2 protein chains.
Amino acid sequence: MEKRNDNYELDNLDTQILSILMNNASIPYTEIAKKLIVSGGTIHVRMKKMEELGIIRGSHLIINPQKIGFDITAFLGIYLEKGSQYNNAVEQLKRVKEVVELHYCTGTYSMFAKIICRDTTHLRKVLNEDIQAVKGIQRTETIISLEESIKRQISLT
Amino acid sequence: MEKRNDNYELDNLDTQILSILMNNASIPYTEIAKKLIVSGGTIHVRMKKMEELGIIRGSHLIINPQKIGFDITAFLGIYLEKGSQYNNAVEQLKRVKEVVELHYCTGTYSMFAKIICRDTTHLRKVLNEDIQAVKGIQRTETIISLEESIKRQISLT
DNA sequence: GTTGAAAAGTGCTGCGA
DNA sequence: TCGCAGCACTTTTCAAC
């Protein structure tokens, strides 16, 4: 039986488990259990429930892009020729590996992307060759991040 | 002895290990070893090396914000009164939990933030009370994401 | 829903090549 | 530097509360 709650209300225990694991997914269940004063089995049951409900998407190893030569983070405001070209543009942008986020949005831009590149040469190549080649894109505005001052997940508490 | 390579060149094996774990940090080392046709110990040695080099930042449990009632993702272009107020503004914005990313950037805006809220009421509260209370912020422009079409990490290959 | 312990699987370490 | 094998630890399961 599939659960359909799109908005399941987490209790205190669920929230605390998530809060701990969101910042460090490799903490053992037994240690979490000790902190929250429940048994390891309970942590397991709760995690399984939240996985089934789709609350937990998975886990990521977080790397430092700069250490492996990816120095530039940029945001791209994208203007489409027509709004109807959205789905098509998404499909084409999925093939551009440097695009790590893409949003359909309100306001000035039709779409909004986050891209990560090695250097300015790489960025120019992505903008001029890959992005501009996408059909339906009229023009873009680039915002280059000089420093990422905050980078975290939402706080549940 | 601390290593100081800010730009260590990963070999093929390192790259493949990271590529696998970036999408699912809970895959066992032994399974990765099988895929890449090396021993489990080798994976371990490589991971340890990359951790020491600071390439690996840690691991995160990824949750689906919408499933727990956080429905709105918005981007905020921030205009500062003076550029010199940057450090101060960062410190104040760190206290606003809904801000999950903050960049110091080129272009139209002085700073650029990503925020996640429960609903429009929550968003308005954050914008009007929390953000506007930050000293040095002149005004902001809000871009609301209606749909996140792409969300992934950088591809190493 | 929670517990505690047993079974299965994984991570870690040291020795050898 | 890499691979193999043994030990320690974690995850998972399950009967009982």
Side-chain angles (χ1 to χ4, degrees), chain A residues 1-64 67-69 153 156-157, chain B residues 1-64 67-69 153 156-157:
Chain A
M1 185 77 80
E2 192 180 317
K3 310 253 184 163
R4 299 211 165 269
N5 293 13
D6 272 6
N7 217 315
Y8 177 77
E9 194 64 30
L10 300 172
D11 70 8
N12 238 330
L13 185 56
D14 294 327
T15 307
Q16 286 184 78
I17 296 170
L18 288 183
S19 295
I20 292 171
L21 288 172
M22 273 163 57
N23 291 314
N24 184 350
S26 59
I27 291 183
Y29 284 6
T30 50
E31 203 173 314
I32 300 171
K34 257 187 278 176
K35 272 190 196 174
L36 304 181
I37 319 175
V38 291
S39 79
T42 303
I43 306 289
H44 188 255
V45 170
R46 297 301 189 103
M47 286 294 290
K48 204 173 165 190
K49 183 193 68 185
M50 291 190 283
E51 274 165 22
E52 277 165 5
L53 287 169
I55 292 166
I56 294 171
R57 265 190 189 171
S59 59
H60 284 350
L61 192 75
I62 306 301
I63 64 162
N64 187 342
K67 289 273 181 179
I68 52 169
Q153 296 212 65
L156 301 177
T157 50
Chain B
M1 185 78 79
E2 192 181 319
K3 309 254 183 158
R4 298 210 166 269
N5 293 13
D6 272 5
N7 216 313
Y8 177 77
E9 194 64 30
L10 300 173
D11 71 10
N12 239 329
L13 185 57
D14 295 325
T15 307
Q16 287 183 80
I17 296 170
L18 288 183
S19 295
I20 292 170
L21 288 171
M22 273 164 56
N23 292 312
N24 184 351
S26 59
I27 290 183
Y29 284 7
T30 50
E31 202 173 314
I32 300 171
K34 257 187 278 175
K35 272 190 195 173
L36 304 180
I37 318 174
V38 291
S39 80
T42 303
I43 306 289
H44 189 255
V45 170
R46 297 302 188 103
M47 287 295 289
K48 203 174 166 191
K49 183 191 67 184
M50 290 191 282
E51 274 165 23
E52 277 166 6
L53 288 168
I55 292 167
I56 295 171
R57 264 190 191 170
S59 59
H60 283 349
L61 192 74
I62 307 301
I63 63 162
N64 186 342
K67 288 274 181 178
I68 52 169
Q153 294 215 65
L156 300 178
T157 50

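Letters go in sequence order (proteins before strands), and every chain restarts at 1. Treat the numbers as computed from the prediction; the structure is a model and nothing was measured.
For the pair S59(B) (side chain) and A25(A) (backbone), a donor-acceptor distance under 3.5 Å is present. Remark: the backbone N or O of L61(B) is paired with a side-chain donor or acceptor of Q153(A) at under 3.5 angstrom.
Using a 4.0 Å cut-off on heavy atoms, the residues of residues 23-40 of chain B that approach DNA chain C are P28(B), Y29(B), T30(B), listed by number.
In this structure, E51(B) atom CD and dG11(C) atom C1' are separated by 12 Å, rounded to whole Å. We find that CG of D11(A) is positioned 11 Å from C1' of dG1(C), with the value rounded to whole Å. Counting to the nearest Å, the C1' atom of dT2(C) and the CG atom of N12(A) are 17 Å from each other. Regarding I43(B), its CD1 atom lies at a distance of 11 Å from the P atom of dC2(D), rounded to whole Å. Separating the NZ atom of K48(A) from the P atom of dT11(D) is a distance of 15 Å, rounded to the nearest angstrom.
Side-chain contact between R46(B) and V38(B) is absent, with no heavy atoms from C-beta onward closer than 4.5 Å.
Of the side-chain N and O atoms in H44(B), none sit less than 4.0 angstrom from OP1 or OP2 of dG11(C). Side-chain N/O atoms of R46(A) include none lying less than 4.0 angstrom from OP1 or OP2 on dG1(C).
Here the CG atom belonging to L13(B) is positioned 10.0 Å from the CD1 atom belonging to I32(B), to the nearest 0.5 angstrom. Taken from CE in M50(B) to CG in N64(A), the straight-line distance is 13.0 Å, to the nearest 0.5 Å.
Each of L21(A), I20(A), T30(A), I17(A) was compared with I43(A) under the side chain to side chain contact (heavy atoms under 4.5 Å, CB included) criterion, and only I17(A) meets it.
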